[in-house]
Amino acid sequence: MDAWLDSRQSELQSEFRAFASSQIAPRAAEFDRQEAIPSGFLKGLGKQGYLATHVPSEYGGRGLDATSYGLLHEEFGRACSSTRTLLTVHDMVAEVILRLGGQRLRETWLPALAAGHRLAAFALTEPEAGSDAGAMRTVASRAGDDYLLTGSKRWISFGQIADLFLVVARIGEDGPTAGFLVERDSPGLTITPMKGLLGLRGSMLAELDLDNCRISRDSRVGSEEMPAGLVAGTALHLGRYAVAWGCVGLADRCVEASFRYGSERKQFGVSLDEHQLIQRMLANMVVEVRAARLLCLEAGRLRETRDAAAIEGTLIAKYFAARMANRVASDAVQIHGAEGVSSVGPVERLFRDARVMTIIEGSSQIQQIMIAGYGKAEHGARGSGSE
């Protein structure tokens, strides 16, 4: 696929793959078993230049273009989806601060996030509200020059160790939603670890309880005139793009493992990959990964050119790539047989991680609803023509 990349992007791809394969992949199974990743390891990613990489250099980032940013998530997704998740949620917070925060917030937080001095988490989902922002119950009430936040957030990736949370809350009982930067040691914030996940076990999920958690007015991201839902939308747009690329990396790792196992395993006197039914599965896997990568490349191009179709392109890429990763991982398990359902190799973990991809950053059903809306607007506007 190098033909789709310029020379700089190819160099970065090689860098990302070398780092991920040597420094992350060997520990992926350990992170999965322990359901944790050491904070020192994660903060070290910032020192290595792999956190908030899309942030401009003036704020300490690498200023990666959208395609290069996607390639980073592909390679980290190939090595360890839990580690890739940290990059995603951390960068979602940085993206909101970059796009919607004032200069003071940018100067205060972006260099620290890019360097890994602080780890960030995105707090949107609640016990009774996920993609349905209208059901959100976390409320920010004005208290003089401050805000008091009250409510609960659940399934917060890396909430167990994050230093900073971007909490999406409703201003008053019936007001619009907005974003608030809440530091870990804020009075009134309680963090409870969540264990026993199916996949992404190293992502260290937590539940947040906010009981009159007082934060300064300056910790609000954006002005009161900002459209409702803009904070969540800005974060999720980047998050979905990153997850889509991560799914490509995960699925490609499944393909690599399947070809290797297929060439080594003997059945009925020949290697497994010489059986036509296995070849059919392998061919479908290759095609699906290639198609998902092309959709991601297209989404990246739309982001780079700030095309109005970028949101739709990202939705399509995430929807297809997440479902593709599930199909490819399932076939990889089938090809590996008994080994595919054991922890002997990576396929069992990849299968569990893939299953989560159709849920995070908006379920596949939410993606379908939104994609259908864009499709209706586009095709409905063309009219019936021949009728």
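Sequence positions, counted from 1, serve as the residue numbers for this chain.
- Other residues sharing a hydrophobic cluster with Ile215 under the 4.5 Å side-chain heavy-atom criterion for ILVMFWY residues are Tyr147, Leu149, Ile156, Phe165, Val167, Ile171, Phe180, Val182, Leu189, Ile191, Leu208, Leu210.
- Ala20 and Pro26 make their closest contact through O-CD, 4.5 Å (heavy atoms, listed as atom of the first residue, atom of the second, distance).
- Considering every non-hydrogen atom in both Thr88 and Ala242, the closest pair reads OG1-CB, 3.6 Å.
- Between the side chain of Ser82 and the backbone N or O of Gly202, at least one donor-acceptor pair lies under 3.5 Å.
- No side-chain donor-acceptor contact under 3.5 Å links Glu128 to the backbone of Met136.
- Side chains of Leu238 and Arg303 form a contact here, defined as non-hydrogen atoms less than 4.5 Å apart.
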Can Lys195 and Glu35 be said to form a salt bridge (Lys or Arg N to Asp or Glu O under 4.0 Å), step by step?
CA-CA 7 Å; Lys195 299 285 188 178; Glu35 296 190 51; 5.1 Å; no
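- Applying the side-chain hydrogen bond (donor to acceptor under 3.5 Å, both in side chains) criterion to Thr234, with sequence neighbours excluded, gives no partner residue.
- Separation of atoms CG (Asp146) and CG (Leu148) is listed at 7.5 Å; rounding is to 0.5 Å.
- Across Val328 and Cys254, no two heavy atoms sit closer than the pair CG1-CB, 3.8 Å.
- For the pair Ser81 and Leu250, the tightest heavy-atom approach, listed with the atom from each and the gap, is OG-CD1, 3.3 Å.
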Just distance, no hydrogens or angles: give the donor-acceptor pairs under 3.5 Å from side chains in residues 306-324, sequence neighbours left out.
{"from": "Asp307", "atom 1": "OD1", "to": "Ala309", "atom 2": "N", "distance (Å)": "2.8"}
{"from": "Thr314", "atom 1": "OG1", "to": "Ala310", "atom 2": "O", "distance (Å)": "3.0"}
{"from": "Lys318", "atom 1": "NZ", "to": "Met357", "atom 2": "O", "distance (Å)": "2.9"}
{"from": "Lys318", "atom 1": "NZ", "to": "Ile360", "atom 2": "O", "distance (Å)": "2.8"}
{"from": "Lys318", "atom 1": "NZ", "to": "Gly362", "atom 2": "O", "distance (Å)": "2.9"}
{"from": "Tyr319", "atom 1": "OH", "to": "Arg323", "atom 2": "NE", "distance (Å)": "3.4"}
{"from": "Tyr319", "atom 1": "OH", "to": "Gln368", "atom 2": "NE2", "distance (Å)": "2.9"}

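- Counting heavy atoms from C-beta on, the side chains of Val231 and Thr177 never come closer than 4.5 Å.
- Atom CZ in Arg84 sits 9.5 Å away from atom OG in Ser203 (nearest 0.5 Å).
- The side-chain hydrogen bond (donor to acceptor under 3.5 Å, both in side chains) test applied to Thr53 returns no partner, not counting sequence neighbours.
- Distance alone, capped at 3.5 Å, is enough to place a donor-acceptor pair between the Asp163 side chain and the Leu119 backbone.
- Taking the ring pair (Phe, Tyr, Trp, His ring centres under 6.0 Å) definition, one finds that His73 meets it with Tyr69, sequence neighbours left out.
- For the side-chain hydrogen bond (donor to acceptor under 3.5 Å, both in side chains) test, no residue two or more places apart in sequence or in another chain qualifies with Arg184.
- None of Leu350, Asp353, Val248 except one satisfies the side-chain contact (heavy atoms from CB on, under 4.5 Å) rule with Arg253; the exception is Leu350.
- With sequence neighbours excluded, no residue satisfies ring pair (Phe, Tyr, Trp, His ring centres under 6.0 Å) with Tyr374.
- Under a 4.0 Å N-O distance rule, the pair Glu30/Arg33 does not qualify as a salt bridge.
- For the pair Arg327 and Glu288, the salt-bridge criterion is met [side-chain N within less than 4.0 Å of a carboxylate O].
- Following chains of ILVMFWY side-chain contacts shorter than 4.5 Å, one cannot reach Met204 starting from Met194, and the two form parts of different hydrophobic clusters.
- Both Val221 and Val93 sit in one connected hydrophobic cluster of ILVMFWY residues. Membership requires side-chain heavy atoms under 4.5 Å apart, directly or through other members.
- Grouping the Ile, Leu, Val, Met, Phe, Trp and Tyr side chains by contacts below 4.5 angstrom, directly or via other members, places Leu205 apart from Leu86.
- Between Arg8 and Glu11 there is a salt bridge, since at least one side-chain N of the basic residue sits less than 4.0 Å from a carboxylate O of the acidic one.
- The main-chain N or O of Thr190 is never found under 3.5 Å from a side-chain atom of Asp209 such that the two would form a donor-acceptor pair.
- At a threshold of 4.0 Å, the pair Glu207-Arg154 counts as salt-bridged, since one of the basic side-chain nitrogens sits closer than that to a carboxylate oxygen.
- Panel note: side chain Ser330, backbone Asn326; no donor-acceptor pair is recorded below 3.5 Å.
- A donor-acceptor contact under 3.5 angstrom links the side chains of Glu107 and Gln103, judged on distance only.
- Put simply, the side chain of Tyr241 gets close to the backbone of Ala66: a donor and an acceptor are under 3.5 Å apart.
- Residue Lys153 comes nearest to Leu124 through the heavy atom pair NZ-O, 3.0 Å, listed as atom of the first residue, atom of the second, then distance.
- Side-chain contact between Cys247 and Val243 is present, with at least one heavy-atom pair separated by less than 4.5 Å.
- With sequence neighbours excluded, the residues satisfying ring pair (Phe, Tyr, Trp, His ring centres under 6.0 Å) with Phe76 are Tyr50.
- Residues Ser258 and Met285 meet the side-chain proximity criterion, which asks for heavy atoms closer than 4.5 Å.
- Applying the side chain to side chain donor-acceptor pair (under 3.5 Å) test to residues at least two apart or on different chains, the pairs with a partner in residues 334-351 are Glu348-Arg352.
- With Glu126 contributing its side chain and Arg137 its backbone, the two residues share a donor-acceptor pair below 3.5 Å.
- With values rounded to the nearest 0.5 angstrom, Asp65 atom CG is found 13.5 Å from Arg301 atom CZ.
- Atoms CZ and CD, on Phe259 and Glu264 in that order, are 13.5 Å from each other to the nearest 0.5 Å.
- Listed by chain and residue number, Ser219 satisfy the side-chain hydrogen bond (donor to acceptor under 3.5 Å, both in side chains) test with Ser216 (two or more places apart in sequence, or in another chain).
- Within the 4.5 Å cutoff, the side chain of Thr138 has no heavy atoms near those of the Thr150 side chain.
- Here the side chains of Phe41 and Ile24 are in contact, with some heavy-atom distance below 4.5 Å.
- Using a 4.5 Å heavy-atom threshold, the side chains of Arg17 and Leu71 count as separate.
- For Arg290 and Asp252, the salt-bridge test fails: no basic side-chain N is under 4.0 Å from an acidic carboxylate O.
- Interatomic distance, Leu200 CG to Phe31 CZ, rounded to the nearest 0.5 Å: 14.0 Å.
- Contact record, Cys80 with Ala28: CB-CB, 3.7 Å, taken as the closest heavy-atom pair.
- Note: Met92 CE to Ile97 CD1 = 12.5 Å, rounded to the nearest 0.5 Å.
- Membership of the apolar cluster around Phe351 extends to Val333, Val341, Val347, as traced through chained side-chain contacts below 4.5 Å between ILVMFWY residues.
- Between the Arg201 side chain and the Leu197 main chain, a donor and an acceptor come within less than 3.5 Å of each other.
- Taking His237 as the reference, nothing meets the ring pair (Phe, Tyr, Trp, His ring centres under 6.0 Å) condition, with sequence neighbours excluded.
- Ion pair Glu361/Arg240 not flagged as a salt bridge, since none of the NZ, NE, NH1 or NH2 atoms sits closer than 4.0 Å to an Asp/Glu carboxylate oxygen.
- When the side chains of ILVMFWY residues are joined at heavy-atom separations under 4.5 Å, either directly or via intervening members, Leu230 and Phe122 end up in a single hydrophobic cluster.
- Looking at Arg293 and Glu74, a side-chain N of the basic residue comes within less than 4.0 Å of a carboxylate O on the acidic one, giving a salt bridge.
- Checked by atom type and distance alone, the side chain of Arg104 pairs as donor or acceptor with a backbone atom of Asp218 at under 3.5 Å.
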